[in-house]
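Presented below is the structure to which this report refers.
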Amino acid sequence: MNPIPYGKQSITQEDIKAVTETLQSDFLTQGPKITEFEKSFANYIGAKYAIAVSNGTAALHLAAMALGVNENTNVITTPITFAASANCIRYCGGNVYFADIDPDTYLLDINKVEELIQSKPNGFFQGIIPVDFAGRAVNLEAFRKLANKYKLWILEDACHAPGGYFTDSDNVQQWCGNSQFAEAAIFSFHPVKHIACGEGGAITTNDERIYKKLLLLRTHGITKDPALMLENHGGWYYEMQELGYNYRLTDFQAALGLSQLQRANEGLKRRREIAKKYNEAFNAKKGFKGQSGYVEGHAYHLYVIEVENRDLLYNFLREKKIFTQVHYIPVHLQPYYQSLGFKKGDFPNAEAYYEECLSLPIYPTLTEEEQQYVIDILNDFFYE
Ligand SMILES: *Cc1c(COP(=O)(O)O)cnc(C)c1O
């Protein structure tokens with residue numbers, strides 16, 4: 001048996017052909033593949049606009065900028081996420097607040113968010129960054145109601161959930177990142193995520209104003225659009241109107257993303273099959289707790305279990321060449337965030353979850369044989 005990681009990209013001959021063709025074209029960057037990819041991705045997600053950027057962290061940074069985050073901004077997110085979900089607020093000088101997770105879904109607990117909001121003066125908070133952790137869709141309809149009540153924006157971190165959805169109160173399936181209930185959403189195209197570009201990311205939104213701002217911020221704050229410029233000195237002329245960055249994706253990365261997007265539904269289907277099989281294998285067993293069973297609309301970036309002797313299990317699996325992972329070390333316990341005043345004991349549900357969580361291998365090219373091997377080894381550990 002080959003080593004089995006917790007997640008892995010799949011690259012086909014078509015992917016290689018798509019990248020090679022773009023390498024032989026006139027544009028390595030700032031060419032036509034970017035817009036093509038953006039259009040296809042927006043269409044896949046069900047949002048009006050998508051802006052491709054160099055990675056998911058850049059997507060968070062630019063989205064935070066476009067939402068106006070500055071030194072006076074206070075934003076709430078979950079401690080069970082990748083650090084970048086919180087860091088983007090710090091990049092803009094804003095303050096990060098965490099609210100605890102729901103111990104059954106592992107998602108930001110909306111009641112804890114409201115308690116936090118009410119514990120501060122009126123108008124203290126400006127935004128919320130909910131995360132579709134592991135691929136499980138946050139109920140953004142509920143968060144929208146809360147956000148409207150307190151005049152907050154919502155930036156959905158949907159890195160784990162392209163193709164995931166929740167069902168709203170009108171019985172409509174609301175796709176993660178479709179920005180129906182959020183100002184904007186962000187995605188990552190890192191190889192462990194659903195769609196791989198090597199490095200890459202995107203912001204989706206339905207708001208034209210945010211879209212235009214993001215286009216500017218992605219390339220240094222520079223525009224060459226005569227309609228937007230204050231002056232025009234000739235063909236060479238451009239204006240830097242804001243302090244932006246170079247957060248562009250290249251055309252060959254976009255070509256890879258486009259090619260991967262063709263197989264996104266197939267990959268999602270396979271992830272759900274794998275999750276179902278794990279669920280059937282462990283559901284009724286003592287000592288296991290999962291993200292509340294098999295969940296409809298879950299995009300299964302991760303398949304997380306909770307076990308009491310997690311550290312032993314992690315090492316046992318490693319010896320058998322099964323490389324599981326822990327998602328995540330609570331962000332508020334990272335030394336950087338502790339230096340800002342957060343400490344152990346602040347978010348008991350997140351901390352208890354961290355003691356027991358483990359992400360099992362799940363990716364489209366995981367074979368049935370490999371998955372059965374993982375299940376057998378886990379059974380050996382627990383029941384023999
Ligand atoms: C991967 C990830 C990011 C950051 O994406 P990069 O492309 O690695 O910068 C942000 N948030 C979450 C939840 C992620 O999983």
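Position 1 is the first residue of the sequence; numbering continues from there.
- Here Ile51 contributes atom CD1 and Ile186 contributes atom CD1; the two are 12.0 Å apart, rounded to the nearest 0.5 Å.
- Salt-bridge check for Lys17 with Glu21: passed, with a basic side-chain N closer than 4.0 Å to an acidic carboxylate O.
- Using modelled atom types, no side-chain atom of Gln325 and backbone atom of Ser359 make a donor-acceptor pair closer than 3.5 Å.
- In this structure, Ile80 is not a member of the same hydrophobic cluster as Val331, with clusters built from ILVMFWY side-chain heavy atoms closer than 4.5 Å.
- The closest side-chain donor-acceptor pair between Tyr278 and Gln371, if any, does not fall under 3.5 angstrom.
- Under a 3.5 Å cut-off, the side chain of Asp100 and the backbone N or O of Asn349 do form a donor-acceptor pair.
- Within 6.0 Å of CG in Asn315 there are more than 12 heavy atoms belonging to other residues, nucleotides or ligands.
- Sparse packing is recorded around CD1 of Ile329, with 12 or fewer heavy atoms of other residues, nucleotides or ligands lying under 6.0 Å away.
- Of all heavy-atom pairs between Glu296 and Gln173, the closest is OE2-NE2, 4.5 Å.
- The aromatic ring centres of Tyr294 and Tyr300 sit less than 6.0 Å apart.
- At a threshold of 4.5 Å between non-hydrogen side-chain atoms, the residues Thr365 and Gln9 do not count as touching.
- In this model, a donor atom of one side chain and an acceptor atom of the other lie less than 3.5 Å apart for Arg318 and Tyr314.
- For Phe37 and Phe189, the ring centers are positioned less than 6.0 Å apart.
- Remark: the His233 side chain and the Glu231 side chain contain an N/O donor-acceptor pair separated by less than 3.5 Å.
- Taking the ring centre of Tyr303 as origin, the terminal cationic atom of Arg271 falls outside the region bounded by 6.0 Å and 45° from the ring axis.
- Around the NZ atom of Lys212, the shell of radius 6.0 Å holds no more than 12 heavy atoms that belong to other residues, nucleotides or ligands.
- At a threshold of 4.0 Å, the pair Lys213-Glu183 does not count as salt-bridged, since none of the basic side-chain nitrogens sits closer than that to a carboxylate oxygen.
- You'll find the ring centres of Tyr44 and Phe187 outside the 6.0 Å limit.
- Around the CZ atom of Phe124, the shell of radius 6.0 Å holds more than 12 heavy atoms that belong to other residues, nucleotides or ligands.
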task: Check step by step if side-chain contact (heavy atoms from CB on, under 4.5 Å) holds for Asn309 and Phe382.
output: CA-CA 10 Å; Asn309 33 13; Phe382 277 100; 3.8 Å; yes
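- Side-chain atoms of Thr73 and Asn70 form a donor-acceptor pair, as typed in the model, at a separation below 3.5 Å.
- Here the CD-CG distance, from Glu369 to Asp376, works out to 10.5 Å after rounding to the nearest 0.5 Å.
- For the atom pair CG (Leu23) and OG1 (Thr250), the distance works out to 8.5 Å, reported to the nearest 0.5 Å.
- Using a distance-only test at 3.5 Å, with no hydrogens or angles considered, no donor-acceptor pair links the side chain of Asn232 to the main chain of Pro226.
- Shortest non-hydrogen contact noted between Ile89 and Ala64 is CD1-CB, 4.3 Å.
- Ring centroid separation for the pair Tyr150 and Phe125 does not come in under the 6.0 Å cut-off.
- Proximity of a side-chain donor or acceptor of Asn139 to a complementary backbone N or O of Asp168 within less than 3.5 Å is not detected.
- Its side chain outside the 4.5 Å cluster rule for every partner, Phe27 clusters with none of the Ile, Leu, Val, Met, Phe, Trp and Tyr residues.
- Using a cut-off of 4.0 Å between Lys/Arg side-chain N and Asp/Glu carboxylate O, Lys33 and Glu36 are scored as salt-bridged.
- Between atom CD of residue Gln126 and atom NZ of residue Lys151 there is a gap of 12.5 Å, rounded to the nearest 0.5 Å.
- Here the options are His194, Arg270, Lys8, the test is side-chain contact (heavy atoms from CB on, under 4.5 Å), and the partner is Tyr363; only Lys8 passes.
- Between Trp175 and Tyr165, the angle of the ring planes lies from 30° to 60°, which puts this pair in the tilted group.
- No more than 12 heavy atoms of other residues, nucleotides or ligands lie within 6.0 Å of CD in Gln13, so this atom counts as exposed by the packing criterion.
- Electrostatic pairing of Arg263 and Glu14 does not count as a salt bridge here, judged by no charged N lying under 4.0 Å from a carboxylate O.
- Note on ring orientation: taking the six-membered ring where Trp is involved, the planes of Phe342 and Phe98 are perpendicular (angle over 60°, cut-offs 30° and 60°).
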